[in-house]
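Inspection log for the structure reproduced underneath, given as structure tokens.
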Amino acid sequence: MKKILVTGGAGYIGSHTCIELLNSGYEVVIVDDFTNSVMEPVKRLEKLAGKKVSFHEVNLLDKEALDAVFKKEGKIDAVIHFAALKAVGESVAQPLMYYKNNISGSLALFEVMRDNDVKNVVFSSSATVYGDPEETPIKEDATVHATNPYGHTKSMMEQILMDTSHALGWGVILLRYFNPVGAHESGEIGEDPEYPNNLLPFVSQVAAGIREHVTIFGDDYDTIDGTGVRDYIHVVDLARAHVKSIERLTGFDKGTLIYNIGTGTGYSVQQMVETFRQVSGKEIKVVIGPRRPGDIAECTADATLANKELGWSAEYGLQEMIESAWKWQSKYPNGYRGAK
Ligand code: UDP
């Protein structure tokens with residue numbers, strides 16, 4: 001494996017993954033249409049890695065343009081596919097937009113891969129495919145039953161890739177991420193949501209004085225302190241899981257491998273806020289609100305399979321996740337919009 005095409009490489013997880021790929025000696029081709037991103041992280045990741053990527057501004061639904069990228073780039077050894085819409089609430093309100101973007105976009109990508117004889121793919125899936133799990137920590141063989149259109153697009157993509165791998169002899173790795181948080185240790189790239197839907201970016205903005213308080217969505221769950229428990233994973237650890245997956249696909253003949261990517265340790269909303277207070281030294285006002293529809297009490301990963309088969313495990317703990325998130329937030333209070 002030498003040349004890796006990354007869709008959504010300008011995004012949060014994509015940009016961190018591109019750095020790790022460059023640092024590991026891979027050539028990187030990025031395809032991104034800036035739907036939820038900008039060019040700035042690409043420039044910064046090149047600077048951080050001290051290497052260039054080949055960048056193409058293309059929407060995956062534009063199959064002709066995508067095919068031209070594959071033809072121009074020559075031999076692409078594998079694709080890491082991140083590009084997708086990812087807001088759960090928005091997916092409930094606009095399912096057709098989600099199915100069109102995430103499913104039709106991916107189908108176009110896979111057809112172009114087939115036409116250009118590219119047979120390896122690492123897919124950005126999510127723990128959301130498990131829905132409300134019967135047991136935690138969750139193992140990869142747990143039942144898949146997503147509970148919202150965003151989650152459905154992820155489980156449908158998984159199915160499409162499994163079928164394609166079977167029919168066309170592709171090597172496929174499905175990575176089911178738990179809750180990615182944090183930023184690059186330099187503080188130069190990080191999560192830059194227009195409006196934060198997820199807990200940590202929200203808490204981060206409250207600590208920075210951008211928002212007044214964080215609402216805790218329910219404190220009557222059957223958990224350690226009544227608030228929701230999740231398995232937070234440092235985005236750099238997650239990025240490295242992709243590099244390990246590319247290595248795993250080298251010489252792997254065909255078939256689909258599925259791995260949970262989390263630390264195996266769960267933290268409650270209260271614990272996250274408290275750690276953020278300690279790290280930032282800022283006051284973080286919380287208000288207890290009602291449960292958010294669709295939320296579950298607890299979701300943690302059993303990631304032993306990734307450890308065994310990919311040789312991957314999380315290196316960073318909660319402290320590093322929050323320190324890096326705070327560094328990025330403090331350095332760039334307006335995300336990439338504040339960039340000079
Ligand atoms: N949460 C919260 N307030 C917020 C955002 C999230 O209390 O403003 C809680 C949410 O109910 C869940 C946890 O924080 O228990 C993580 O939520 P997030 O949206 O970050 O990720 P999810 O696991 O839902 O995908």
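Small disclaimer: the values here were computed from a predicted structure and weren't measured. Remember, it's 1-based here, ligands and their atoms both numbered in the order they're listed.
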Distance-only polar pair, side chains of Thr263 and Asp231, donor-acceptor under 3.5 Å:
yes
The protein heavy atom nearest to atom 21 (O) of ligand 1 is Asn179 ND2, 3.1 Å
**Prompt:** So is Val269 polar-close to ligand 1, meaning N/O to N/O under 3.5 Å?
**Reply:** no
for atom 20 (O) of ligand 1, nearest protein heavy atom and its distance come out as Leu199 N, 2.8 Å
For Ile216, the ligand 1 atoms with a heavy-atom partner under 4.0 Å come out as 7 (O)
Quick note on ligand 1: atoms under 4.0 Å from a heavy atom of Tyr232 include exactly 13 (C), 16 (C)
The closest protein heavy-atom partner of atom 18 (P) of ligand 1 is Asn198 ND2, 3.5 Å
Counting from 1 in the order shown, the ligand 1 atoms closer than 4.0 Å to a non-hydrogen atom of Asp295 are 10 (C), 11 (O), 24 (O)
Closest heavy-atom pair, Ala301 versus Gly262, reported as atoms and distance to 0.1 Å, is CB-CA, 4.0 Å
- prompt: Does a side chain donor of either Tyr150 or Glu90 reach within less than 3.5 Å of an acceptor in the other side chain?
  reply: no
re atom 23 (O) of ligand 1, the protein heavy-atom contact at minimum distance is Arg230 NE, 2.6 Å
Short version for Tyr267: what comes under 4.0 Å of ligand 1, heavy atoms counted, is neither
Q: State whether the number of non-hydrogen atoms from other residues, nucleotides or ligands found under 6.0 Å of Lys282 atom NZ is greater than 12.
A: no
Residues Pro133 and Thr136: closest non-hydrogen pair is CG-CG2, 4.0 Å
*Give a yes or no on whether Lys51 atom NZ has more than 12 heavy-atom contacts from other residues, nucleotides or ligands under 6.0 Å away.*
yes
Within the 4.0 Å heavy-atom cut-off, what Arg292 brings close to ligand 1 is side chain
Worksheet item: So, is Phe217 polar-close to ligand 1, with some N/O to N/O distance under 3.5 Å?
Response: yes
Among non-hydrogen protein atoms, atom 3 (N) of ligand 1 lies closest to Thr215 O, 2.8 Å
Going by the 4.0 angstrom heavy-atom rule, the piece of Asn197 near ligand 1 is backbone
TODO: Tell me yes or no: between the side chains of Asn116 and Asp67, is some donor less than 3.5 Å from an acceptor?
DONE: yes
Tyr12 meets the ring-ring contact (aromatic ring centres under 6.0 Å, His included) criterion, sequence neighbours left out, with His16
*asked:* Is it true that Thr143 and His145 share a donor-acceptor pair across their side chains at a distance under 3.5 Å?
replied: no
